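Here is the structure we will look at, set down as structure tokens.
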Amino acid sequence: DIDYLINVPLIKGHCQTGITCALKNLKGLIPDSEKRRFHTMGLHKPIAWLNAIIKQDLIIADGICPDPYFEEGGRPTSLNRILLGFDPVLMDCYAAQVLGYKPDEVKYIKLAQNEGIGSPLSDDSEIVNIYESIQPDETRIIQKDKKYLRIVDEADACSACYSNLVSALEKLNTSGITEKFADQICIGQAYRGYKGVIGIGNCTSCFERYLPGCPPQTEDIIRFLQEQSKNI
Ligand code: SF4
């Protein structure tokens, strides 16, 4: 039983869901085995369903200096804000905007709204600025179209595995290697036992060519994909 739940999430980017804030942070309450199961279910729906079961009473979200693009935190950006609220859907809609997304681009927010967990941002939403900085806030986050992600077939991948692959592709993209791949690069627990061509991680061990690891490290993925690109 919980008498009163105070949720203290970070506002930041996430490689699979776009953002993470109040709704996704409740995943911290469940055991690791359940977290893995969430990934096998595609993350968005179980995040919404978890919030339908566990009600949060107060949210204090830290958006002081997040990485707006990635949960690893390698690109901290000064946004200088702390949000306090009661509605996790409204909070996440606001966080999505701050991080350069339209709220409807983050699937689990809409799913949570459909579950009756909260209300989206609208003209009627009450947002009060308690502290206005003397300096005008000119920071605008623009999410780039990550075209290189189109060569990835992700199916229920763990965050660490997927984020290592995204980091590797970001680095390889600058040298033009990602454009060479005709075959999709597969990653995720849903590929266990399935055949394919190029796979990342132990879950793709039945593929013709795969990189072992659980999760494989970014530098190993870079080396593996560089090697694969020579065979194309
Ligand atoms: S290889 Fe390991 S880390 Fe990667 S998706 Fe499979 S279980 Fe998750």
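Just so it is clear, the model here is predicted, and its values are computed rather than measured. Read the numbers this way: they start at 1 and go in the same order the structure lists the ligands and their atoms.
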Under 3.5 Å: donor-acceptor pair, side chain of Ser175, backbone of Asn173: no
Which residue and heavy atom of the protein sit nearest atom 7 (S) of ligand 1, plus the separation: Arg36 NH1, 3.3 Å
Numbered atoms and elements of ligand 1 in range of Gly213, under 4.0 angstrom, heavy atoms: 1 (S)
Contact check: Cys203 to atom 4 (Fe) of ligand 1, N/O/S below 2.8 Å: no
Short side-chain donor-acceptor distance under 3.5 Å, Ser159 and Gln16: yes
The one among Asp156, Asn202, Asn164 that brings a heavy atom closest to atom 1 (S) of ligand 1: Asn202
Identity and distance of the protein heavy atom lying nearest atom 4 (Fe) of ligand 1: Cys161 SG, 2.4 Å
Heavy atom of the protein closest to atom 2 (Fe) of ligand 1 (residue, atom name, distance): Cys214 SG, 2.4 Å
Atoms in ligand 1 with a heavy atom of Gly201 nearer than 4.0 Å: 1 (S)
Side-chain donor or acceptor of Asp62 paired with backbone N/O of Leu10 under 3.5 Å: no
Enumerated ligand 1 atoms positioned under 4.0 Å from heavy atoms of Arg192: 7 (S)
Heavy-atom pair of closest approach, residues Ile19 and Ala96: CD1-N, 4.0 Å
Nearest protein heavy atom with distance in Å, relative to atom 5 (S) of ligand 1: Cys158 N, 3.6 Å
Side-chain heavy-atom pair Ile198, Phe181 within 4.5 angstrom cut-off: yes
Distance-only side-chain donor-acceptor flag, Asn7 / Gln56, under 3.5 Å: yes
Asp87 (side chain) donor-acceptor with Ser119 (main chain) under 3.5 angstrom: yes
